[in-house]
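One structure is given here, and the rest of the page talks about it.
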Amino acid sequence: MDNQPKFTPVADITYNHAVAELEEIIRKMQSDALDIDLLATYTRRATELLAECRRRLTATDEELKSIIG
């Protein structure tokens with residue numbers, strides 16, 4: 001039973017790709033199109049994507065503050 005999705009590591013994708021992937025996961029969950037057997041897998045992936053997006057936003061914010069300041 002290898003129906004597990006293959007994900008690109010979050011460090012290897014762009015911010016926009018991460019956001020788009022998060023939006024797709026949310027759409028699947030809201031439409032009940034997500035196989036219940038994969039719910040935990042997609043929840044973990046969404047958590048990873050959110051953490052990476054936050055990390056990048058924080059890094060960008062700090063860089064901008066240092067440039068402006």
Side-chain angles (χ1 to χ4, degrees):
M1 184 171 118
D2 191 25
N3 63 346
Q4 294 293 315
K6 306 293 184 222
F7 298 119
T8 302
V10 292
D12 295 341
I13 61 176
T14 65
Y15 176 84
N16 287 336
H17 181 102
V19 170
E21 191 174 334
L22 272 169
E23 289 171 347
E24 180 61 26
I25 291 170
I26 290 168
R27 273 193 294 281
K28 285 180 180 182
M29 289 178 172
Q30 289 176 336
S31 71
D32 296 329
L34 185 60
D35 182 341
I36 192 70
D37 294 327
L38 298 176
L39 183 58
T41 299
Y42 279 100
T43 301
R44 271 192 302 278
R45 178 61 173 184
T47 302
E48 292 172 357
L49 291 166
L50 282 169
E52 182 65 13
C53 287
R54 281 191 193 117
R55 185 193 68 73
R56 291 182 190 189
L57 287 170
T58 300
T60 300
D61 182 55
E62 290 172 3
E63 184 177 355
L64 289 172
K65 285 178 182 175
S66 74
I67 291 169
I68 293 170

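Since this is a predicted model, take the numbers as computed values, not measurements.
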Gap between atom [atom2] of [Y] and atom [atom1] of [X] - 0.5 Å precision:
X	Y	atom1	atom2	answer
Glu21	Phe7	CD	CZ	6.0 Å
Arg44	Leu38	CZ	CG	10.0 Å
Lys28	Tyr42	NZ	OH	3.5 Å
Ser31	Ile26	OG	CD1	12.0 Å

Tell me, please, which residues at least two apart from Asp32 pass side-chain contact (heavy atoms from CB on, under 4.5 Å).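 Asp32: no side-chain contact (heavy atoms from CB on, under 4.5 Å) contacts found.
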So, using side-chain contact (heavy atoms from CB on, under 4.5 Å) as the criterion, who are the partners of Thr60 when residues are at least two apart? Leu64
Fellow cluster residues of Ile67, listed by chain then number, with links counted only when side-chain atoms sit under 4.5 Å apart: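 Members alongside Ile67: none; it stands by itself.
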Listed partners of Tyr15 passing ring-ring contact (aromatic ring centres under 6.0 Å, His included), at least two apart: none
Evaluate side-chain contact (heavy atoms from CB on, under 4.5 Å) for Glu62 paired with Lys65, printing each intermediate quantity in order. CA-CA 5 Å; Glu62 290 172 3; Lys65 285 178 182 175; 5.7 Å; no
Minimum heavy-atom separation for Gln4 to Thr41, with atom names?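 In this case the closest contact between Gln4 and Thr41 is OE1-OG1, 2.8 Å.
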Between Val19 and Ile25, is there a shared hydrophobic cluster once you connect ILVMFWY residues whose side-chain heavy atoms come closer than 4.5 Å? no
Can you give me every donor-acceptor pair (side chain of residues 49-59, partner residue at least two apart or in another chain, under 3.5 Å) with its distance?
residue : atom : partner : partner atom : Å
Glu52   : OE1  : Arg55   : NE           : 3.2
Glu52   : OE2  : Arg55   : NE           : 3.4
Glu52   : OE2  : Arg55   : NH2          : 2.6
Glu52   : OE2  : Arg56   : NE           : 2.8
Glu52   : OE2  : Arg56   : NH2          : 3.3
Arg56   : NH1  : Ile13   : O            : 2.7
Arg56   : NH2  : Val10   : O            : 3.0
Arg56   : NH2  : Ile13   : O            : 2.7
Thr58   : OG1  : Arg54   : O            : 2.9

Apply side chain to side chain donor-acceptor pair (under 3.5 Å) to Arg27 and list each qualifying residue two or more places apart in sequence or on a separate chain. Glu24
